[in-house]
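Both counts, for ligands and for their atoms, begin at 1 and track the order of listing.
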Amino acid sequence: MPWGALTGIRPTKLAYAHIDDFEKFLTEEMLVSPKKTEVVRRIIEAQKGVYSADTANADFFVGIPFCPSRCAYCSFVSSEISKAKNLEEYIDALVREIEESKPLVKNLRSIYIGGGTPVSLPKPLLLRVLGAIGKNPGVEYTVEAGRPDCIDEETLSVLKNFGVTRVCVNPQTFNDGTLELLGRKHTAADVIEKFYLAKEFGFDINTDLIAGLTGENFGMFRYSLDKALSLRPENITVHTLCLKKGAKLKESTSRLSAGEVSEMVDYAFETLTAAGYEPYYLYRQKYMAGNLENTGYTLPGKACVYNVDVMEEIAQNVACGANAVSKAIRENAETKIVRYGAPKDIKTYIEKIDAIIGEKKNLFSQA
Ligand code: SF4
(Lines give C-alpha, C1' and ligand atoms only; values in the text may rest on other atoms or scores of the structure.)
Protein backbone atom coordinates (compact mmCIF):
# COMPACT_ATOMS: atom_id res chain seq x y z
CA MET A 1 0.00 0.00 0.00
CA PRO A 2 1.33 3.47 -0.85
CA TRP A 3 0.93 4.63 2.74
CA GLY A 4 2.33 1.44 4.27
CA ALA A 5 1.28 0.93 7.86
CA LEU A 6 -0.13 4.44 8.27
CA THR A 7 -3.77 4.43 9.22
CA GLY A 8 -4.15 8.02 10.45
CA ILE A 9 -5.62 10.76 8.36
CA ARG A 10 -2.75 13.23 8.78
CA PRO A 11 0.60 11.86 7.57
CA THR A 12 2.23 15.30 7.64
CA LYS A 13 1.23 15.87 11.25
CA LEU A 14 2.98 12.63 12.10
CA ALA A 15 6.01 13.73 10.09
CA TYR A 16 6.18 16.99 12.09
CA ALA A 17 6.25 14.90 15.27
CA HIS A 18 9.43 13.24 13.89
CA ILE A 19 10.70 16.29 12.07
CA ASP A 20 14.43 15.53 12.50
CA ASP A 21 14.26 12.21 10.68
CA PHE A 22 10.73 11.95 9.30
CA GLU A 23 11.79 10.53 5.93
CA LYS A 24 13.54 7.62 7.61
CA PHE A 25 10.65 7.19 10.03
CA LEU A 26 8.04 7.11 7.25
CA THR A 27 9.88 4.81 4.87
CA GLU A 28 11.57 2.45 7.33
CA GLU A 29 9.17 2.27 10.25
CA MET A 30 5.86 3.02 8.60
CA LEU A 31 6.73 1.43 5.23
CA VAL A 32 5.43 4.45 3.32
CA SER A 33 6.49 4.39 -0.34
CA PRO A 34 9.36 6.70 -1.36
CA LYS A 35 6.94 8.50 -3.68
CA LYS A 36 4.52 9.39 -0.86
CA THR A 37 7.40 10.27 1.48
CA GLU A 38 8.58 12.72 -1.15
CA VAL A 39 5.10 14.28 -1.27
CA VAL A 40 5.22 14.73 2.53
CA ARG A 41 8.68 16.31 2.27
CA ARG A 42 7.48 18.79 -0.34
CA ILE A 43 4.42 19.68 1.74
CA ILE A 44 6.54 20.46 4.79
CA GLU A 45 8.74 22.61 2.57
CA ALA A 46 5.73 24.41 1.04
CA GLN A 47 4.23 25.09 4.48
CA LYS A 48 7.27 27.12 5.55
CA GLY A 49 6.15 30.66 6.23
CA VAL A 50 2.55 29.55 6.81
CA TYR A 51 3.00 26.83 9.44
CA SER A 52 2.82 28.43 12.86
CA ALA A 53 2.10 26.24 15.86
CA ASP A 54 0.80 28.63 18.51
CA THR A 55 -2.16 28.00 20.80
CA ALA A 56 -3.07 31.70 20.69
CA ASN A 57 -3.79 31.32 16.97
CA ALA A 58 -7.35 30.66 15.93
CA ASP A 59 -9.32 30.09 12.77
CA PHE A 60 -13.01 30.96 12.57
CA PHE A 61 -15.38 28.61 10.75
CA VAL A 62 -19.02 29.21 9.87
CA GLY A 63 -21.12 26.36 8.49
CA ILE A 64 -24.05 26.80 6.10
CA PRO A 65 -25.40 23.27 5.57
CA PHE A 66 -27.52 24.01 2.49
CA CYS A 67 -26.90 23.41 -1.21
CA PRO A 68 -28.86 23.95 -4.42
CA SER A 69 -29.02 20.17 -4.99
CA ARG A 70 -27.34 17.14 -3.46
CA CYS A 71 -24.28 15.70 -5.19
CA ALA A 72 -24.36 11.92 -5.55
CA TYR A 73 -21.00 11.47 -3.78
CA CYS A 74 -21.86 13.76 -0.86
CA SER A 75 -21.94 12.46 2.68
CA PHE A 76 -21.98 15.86 4.38
CA VAL A 77 -24.98 17.00 6.33
CA SER A 78 -26.38 19.36 3.75
CA SER A 79 -29.99 19.85 2.68
CA GLU A 80 -31.45 21.17 -0.53
CA ILE A 81 -32.04 24.83 0.13
CA SER A 82 -35.37 24.91 -1.72
CA LYS A 83 -36.72 22.33 0.75
CA ALA A 84 -35.33 23.94 3.92
CA LYS A 85 -38.22 24.93 6.17
CA ASN A 86 -36.38 26.76 8.93
CA LEU A 87 -33.77 28.74 7.05
CA GLU A 88 -34.45 32.07 8.78
CA GLU A 89 -34.47 30.48 12.23
CA TYR A 90 -31.18 28.77 11.42
CA ILE A 91 -29.60 32.08 10.43
CA ASP A 92 -31.02 33.74 13.59
CA ALA A 93 -29.34 31.08 15.75
CA LEU A 94 -26.14 31.15 13.69
CA VAL A 95 -25.80 34.93 13.90
CA ARG A 96 -26.17 34.72 17.67
CA GLU A 97 -23.53 32.01 17.85
CA ILE A 98 -21.15 34.02 15.64
CA GLU A 99 -21.55 37.12 17.78
CA GLU A 100 -21.00 35.22 21.01
CA SER A 101 -18.03 33.30 19.56
CA LYS A 102 -16.00 36.21 18.22
CA PRO A 103 -14.67 37.18 21.66
CA LEU A 104 -13.34 33.61 22.05
CA VAL A 105 -10.78 34.23 19.30
CA LYS A 106 -7.35 35.44 20.40
CA ASN A 107 -5.14 35.76 17.34
CA LEU A 108 -7.33 35.44 14.24
CA ARG A 109 -5.51 33.65 11.41
CA SER A 110 -8.31 33.03 8.94
CA ILE A 111 -12.06 32.89 8.40
CA TYR A 112 -13.80 30.17 6.40
CA ILE A 113 -17.49 30.03 5.50
CA GLY A 114 -18.20 26.54 4.26
CA GLY A 115 -20.87 23.90 4.42
CA GLY A 116 -22.69 23.30 2.16
CA THR A 117 -22.79 26.11 -0.29
CA PRO A 118 -23.01 29.41 1.62
CA VAL A 119 -23.70 31.42 -1.53
CA SER A 120 -26.89 29.43 -2.09
CA LEU A 121 -28.46 31.44 0.76
CA PRO A 122 -30.94 34.14 -0.23
CA LYS A 123 -29.00 37.44 -0.34
CA PRO A 124 -30.56 39.04 2.78
CA LEU A 125 -29.58 35.99 4.84
CA LEU A 126 -26.08 35.85 3.40
CA LEU A 127 -25.71 39.54 4.25
CA ARG A 128 -26.71 38.86 7.85
CA VAL A 129 -24.04 36.17 8.18
CA LEU A 130 -21.35 38.35 6.60
CA GLY A 131 -22.43 41.31 8.73
CA ALA A 132 -22.20 39.25 11.93
CA ILE A 133 -18.68 38.10 11.04
CA GLY A 134 -17.71 41.67 10.16
CA LYS A 135 -14.70 42.99 8.29
CA ASN A 136 -11.26 41.78 9.28
CA PRO A 137 -8.70 43.55 7.11
CA GLY A 138 -5.51 41.62 6.45
CA VAL A 139 -7.00 38.26 7.44
CA GLU A 140 -7.43 35.45 4.91
CA TYR A 141 -11.17 35.08 4.38
CA THR A 142 -12.54 32.21 2.30
CA VAL A 143 -16.07 31.49 1.16
CA GLU A 144 -17.12 28.21 -0.46
CA ALA A 145 -18.75 29.51 -3.59
CA GLY A 146 -18.47 25.87 -4.70
CA ARG A 147 -21.27 25.60 -7.20
CA PRO A 148 -21.26 27.86 -10.26
CA ASP A 149 -25.06 27.82 -10.34
CA CYS A 150 -24.99 30.00 -7.18
CA ILE A 151 -22.33 32.49 -8.27
CA ASP A 152 -23.32 35.83 -9.75
CA GLU A 153 -21.87 39.31 -9.99
CA GLU A 154 -23.94 40.70 -7.13
CA THR A 155 -22.87 37.93 -4.73
CA LEU A 156 -19.20 38.30 -5.64
CA SER A 157 -19.44 42.04 -5.17
CA VAL A 158 -21.03 41.58 -1.71
CA LEU A 159 -18.27 39.13 -0.73
CA LYS A 160 -15.61 41.55 -1.92
CA ASN A 161 -17.13 44.41 0.09
CA PHE A 162 -17.02 42.32 3.25
CA GLY A 163 -13.31 41.62 2.80
CA VAL A 164 -13.48 38.06 1.44
CA THR A 165 -10.11 37.27 -0.15
CA ARG A 166 -10.60 33.76 -1.51
CA VAL A 167 -13.45 31.79 -3.03
CA CYS A 168 -13.78 28.14 -3.98
CA VAL A 169 -15.13 27.46 -7.45
CA ASN A 170 -15.33 23.69 -7.69
CA PRO A 171 -15.69 21.84 -10.97
CA GLN A 172 -15.02 18.33 -9.49
CA THR A 173 -14.83 17.22 -13.16
CA PHE A 174 -14.94 19.01 -16.51
CA ASN A 175 -16.92 16.18 -18.12
CA ASP A 176 -20.56 17.21 -18.54
CA GLY A 177 -21.86 13.62 -18.54
CA THR A 178 -20.29 13.00 -15.12
CA LEU A 179 -21.59 16.30 -13.74
CA GLU A 180 -25.09 15.21 -14.72
CA LEU A 181 -24.59 11.81 -13.15
CA LEU A 182 -23.43 13.54 -9.95
CA GLY A 183 -26.60 15.66 -9.81
CA ARG A 184 -24.68 18.90 -10.05
CA LYS A 185 -27.10 20.90 -12.23
CA HIS A 186 -24.36 22.82 -14.03
CA THR A 187 -21.98 22.31 -16.93
CA ALA A 188 -18.20 22.58 -17.22
CA ALA A 189 -18.70 25.75 -19.28
CA ASP A 190 -20.60 27.29 -16.33
CA VAL A 191 -17.60 26.63 -14.07
CA ILE A 192 -15.24 28.34 -16.51
CA GLU A 193 -17.54 31.33 -16.92
CA LYS A 194 -17.92 31.82 -13.15
CA PHE A 195 -14.24 31.22 -12.56
CA TYR A 196 -13.35 34.17 -14.80
CA LEU A 197 -16.09 36.27 -13.21
CA ALA A 198 -14.58 35.62 -9.76
CA LYS A 199 -11.13 36.46 -11.14
CA GLU A 200 -12.42 39.86 -12.29
CA PHE A 201 -13.10 40.63 -8.63
CA GLY A 202 -9.52 39.75 -7.73
CA PHE A 203 -10.23 36.74 -5.52
CA ASP A 204 -7.71 33.97 -5.01
CA ILE A 205 -9.47 30.81 -6.18
CA ASN A 206 -9.47 27.29 -4.78
CA THR A 207 -10.57 24.64 -7.26
CA ASP A 208 -11.49 21.04 -6.35
CA LEU A 209 -11.30 17.98 -8.57
CA ILE A 210 -12.13 14.35 -7.77
CA ALA A 211 -10.07 11.41 -9.03
CA GLY A 212 -11.88 8.08 -9.41
CA LEU A 213 -15.41 9.36 -10.05
CA THR A 214 -17.84 6.67 -11.06
CA GLY A 215 -17.96 6.39 -14.85
CA GLU A 216 -14.65 8.18 -15.41
CA ASN A 217 -11.45 6.70 -16.78
CA PHE A 218 -7.90 8.00 -16.75
CA GLY A 219 -8.37 10.00 -19.97
CA MET A 220 -11.39 11.78 -18.52
CA PHE A 221 -9.55 12.68 -15.35
CA ARG A 222 -6.55 13.88 -17.33
CA TYR A 223 -8.86 16.11 -19.36
CA SER A 224 -10.28 17.67 -16.16
CA LEU A 225 -6.89 18.15 -14.57
CA ASP A 226 -5.48 19.79 -17.72
CA LYS A 227 -8.55 22.00 -18.00
CA ALA A 228 -8.27 23.11 -14.34
CA LEU A 229 -4.59 23.82 -14.85
CA SER A 230 -5.32 25.96 -17.91
CA LEU A 231 -7.37 28.27 -15.64
CA ARG A 232 -4.38 28.64 -13.32
CA PRO A 233 -6.23 28.96 -10.01
CA GLU A 234 -4.14 29.75 -6.94
CA ASN A 235 -5.00 26.34 -5.47
CA ILE A 236 -6.07 23.02 -6.96
CA THR A 237 -7.12 20.24 -4.61
CA VAL A 238 -7.23 16.74 -6.01
CA HIS A 239 -9.56 14.57 -3.95
CA THR A 240 -9.80 10.83 -4.27
CA LEU A 241 -13.37 9.62 -4.41
CA CYS A 242 -14.50 8.72 -0.92
CA LEU A 243 -17.95 7.23 -0.56
CA LYS A 244 -19.23 7.23 2.99
CA LYS A 245 -22.62 6.48 4.43
CA GLY A 246 -25.20 8.87 3.01
CA ALA A 247 -23.63 9.13 -0.45
CA LYS A 248 -25.97 8.07 -3.26
CA LEU A 249 -23.06 6.83 -5.38
CA LYS A 250 -22.27 4.25 -2.71
CA GLU A 251 -24.88 2.00 -4.31
CA SER A 252 -23.10 2.17 -7.65
CA THR A 253 -21.24 -0.98 -8.64
CA SER A 254 -18.86 0.47 -11.22
CA ARG A 255 -15.75 1.40 -9.28
CA LEU A 256 -12.29 1.96 -10.62
CA SER A 257 -9.41 -0.22 -9.51
CA ALA A 258 -6.86 1.11 -7.02
CA GLY A 259 -4.27 1.09 -9.83
CA GLU A 260 -6.39 3.31 -12.08
CA VAL A 261 -7.04 5.86 -9.34
CA SER A 262 -3.39 5.78 -8.37
CA GLU A 263 -2.46 6.58 -11.98
CA MET A 264 -4.72 9.66 -11.80
CA VAL A 265 -3.23 10.85 -8.51
CA ASP A 266 0.31 10.37 -9.87
CA TYR A 267 -0.58 12.23 -13.06
CA ALA A 268 -1.89 15.15 -10.98
CA PHE A 269 1.31 15.27 -8.93
CA GLU A 270 3.62 15.12 -11.96
CA THR A 271 1.63 17.61 -14.03
CA LEU A 272 0.94 20.17 -11.33
CA THR A 273 4.44 20.20 -9.90
CA ALA A 274 5.88 20.55 -13.42
CA ALA A 275 3.57 23.55 -13.90
CA GLY A 276 4.85 25.38 -10.81
CA TYR A 277 2.38 24.16 -8.16
CA GLU A 278 3.54 22.58 -4.91
CA PRO A 279 1.60 20.12 -2.73
CA TYR A 280 0.89 22.00 0.51
CA TYR A 281 -1.57 19.93 2.50
CA LEU A 282 -2.77 16.37 2.46
CA TYR A 283 -5.22 14.22 4.31
CA ARG A 284 -6.64 10.75 4.10
CA GLN A 285 -10.06 9.40 4.95
CA LYS A 286 -11.59 5.99 5.45
CA TYR A 287 -13.19 4.44 2.36
CA MET A 288 -10.99 6.36 -0.08
CA ALA A 289 -10.55 4.86 -3.52
CA GLY A 290 -7.22 2.99 -3.62
CA ASN A 291 -6.53 3.91 0.03
CA LEU A 292 -4.99 7.09 -1.34
CA GLU A 293 -5.25 10.73 -0.27
CA ASN A 294 -6.55 14.23 -0.94
CA THR A 295 -3.82 16.70 -1.82
CA GLY A 296 -3.99 20.47 -2.06
CA TYR A 297 -1.59 22.15 -4.50
CA THR A 298 -0.69 25.81 -4.44
CA LEU A 299 1.07 28.38 -6.55
CA PRO A 300 4.05 29.86 -4.65
CA GLY A 301 2.96 32.13 -1.81
CA LYS A 302 -0.73 31.30 -2.20
CA ALA A 303 -1.22 28.48 0.32
CA CYS A 304 -4.57 28.66 2.13
CA VAL A 305 -3.78 29.29 5.81
CA TYR A 306 -7.08 27.77 6.92
CA ASN A 307 -6.31 24.46 5.21
CA VAL A 308 -2.82 24.27 6.72
CA ASP A 309 -4.06 25.08 10.24
CA VAL A 310 -6.91 22.58 10.08
CA MET A 311 -4.93 19.73 8.54
CA GLU A 312 -1.98 20.09 10.89
CA GLU A 313 -4.16 20.93 13.92
CA ILE A 314 -1.92 23.78 15.00
CA ALA A 315 -4.52 26.44 15.85
CA GLN A 316 -7.79 26.69 17.75
CA ASN A 317 -10.82 26.27 15.52
CA VAL A 318 -13.78 28.31 16.68
CA ALA A 319 -16.57 26.78 14.63
CA CYS A 320 -20.18 27.97 14.37
CA GLY A 321 -23.23 26.27 12.91
CA ALA A 322 -24.98 22.90 12.86
CA ASN A 323 -22.50 20.01 12.80
CA ALA A 324 -19.58 22.45 13.21
CA VAL A 325 -16.76 20.97 15.28
CA SER A 326 -14.79 23.41 17.43
CA LYS A 327 -11.30 22.39 18.48
CA ALA A 328 -9.37 23.77 21.40
CA ILE A 329 -5.69 22.99 21.77
CA ARG A 330 -4.49 22.57 25.32
CA GLU A 331 -0.80 22.64 26.04
CA ASN A 332 0.37 20.73 29.14
CA ALA A 333 -2.73 18.57 29.32
CA GLU A 334 -3.04 14.88 28.63
CA THR A 335 -5.47 15.43 25.78
CA LYS A 336 -4.00 18.13 23.62
CA ILE A 337 -6.98 18.61 21.34
CA VAL A 338 -10.45 18.86 22.82
CA ARG A 339 -13.46 19.00 20.51
CA TYR A 340 -17.02 20.14 20.75
CA GLY A 341 -19.39 19.17 17.94
CA ALA A 342 -22.70 21.03 17.58
CA PRO A 343 -25.78 18.92 16.74
CA LYS A 344 -26.14 17.93 13.08
CA ASP A 345 -29.88 18.31 12.96
CA ILE A 346 -30.92 21.87 12.10
CA LYS A 347 -34.01 21.84 14.31
CA THR A 348 -32.01 20.58 17.30
CA TYR A 349 -29.31 23.16 16.63
CA ILE A 350 -31.88 25.97 16.66
CA GLU A 351 -33.58 24.69 19.82
CA LYS A 352 -30.32 24.17 21.71
CA ILE A 353 -28.45 27.29 20.63
CA ASP A 354 -28.10 28.65 24.19
CA ALA A 355 -26.57 25.39 25.43
CA ILE A 356 -24.29 25.21 22.36
CA ILE A 357 -22.96 28.70 22.99
CA GLY A 358 -22.40 27.77 26.64
CA GLU A 359 -20.46 24.62 25.67
CA LYS A 360 -18.23 26.60 23.35
CA LYS A 361 -17.47 29.26 25.92
CA ASN A 362 -16.58 26.53 28.33
CA LEU A 363 -14.33 24.82 25.78
CA PHE A 364 -12.32 27.91 24.94
CA SER A 365 -12.22 29.44 28.41
CA GLN A 366 -10.09 26.46 29.48
CA ALA A 367 -7.87 26.51 26.39
S1 SF4 B 1 -21.87 21.03 -2.98
FE2 SF4 B 1 -20.62 19.92 -1.45
S3 SF4 B 1 -21.84 19.92 0.45
FE4 SF4 B 1 -23.21 20.45 -1.28
S5 SF4 B 1 -24.17 18.53 -1.87
FE6 SF4 B 1 -22.38 18.85 -3.20
S7 SF4 B 1 -20.67 17.81 -2.13
FE8 SF4 B 1 -22.34 18.03 -0.66
Is it true that the side chains of Glu312 and Thr12 contain a donor and an acceptor less than 3.5 Å apart?
yes
Could you name all protein N, O or S atoms found under 2.8 Å from atom 6 (Fe) of ligand 1?
Cys71 SG
Salt-bridge contact Glu38-Lys35 (side-chain N to carboxylate O under 4.0 Å)
no
So the atoms of ligand 1 within less than 4.0 Å of a heavy atom of Gly116 turn out to be 3 (S)
Here's a test for you: under side-chain contact (heavy atoms from CB on, under 4.5 Å), which of Thr37, Leu282, Thr273 qualifies with Arg42?
Thr273
Is a salt bridge present between Arg147 and Asp149, judged by a nitrogen-to-oxygen distance below 4.0 Å?
yes
So, for atom 2 (Fe) of ligand 1, does the protein have a heavy atom nearer than 4.0 Å?
no
Using a strict threshold of under 4.0 Å (side-chain N to carboxylate O), is an ion pair present between Glu313 and Arg339?
yes
Carboxylate-amine/guanidinium contact Lys36 Glu293, below 4.0 Å:
yes
Presence of salt bridge, Lys361 and Glu100, under 4.0 angstrom:
yes
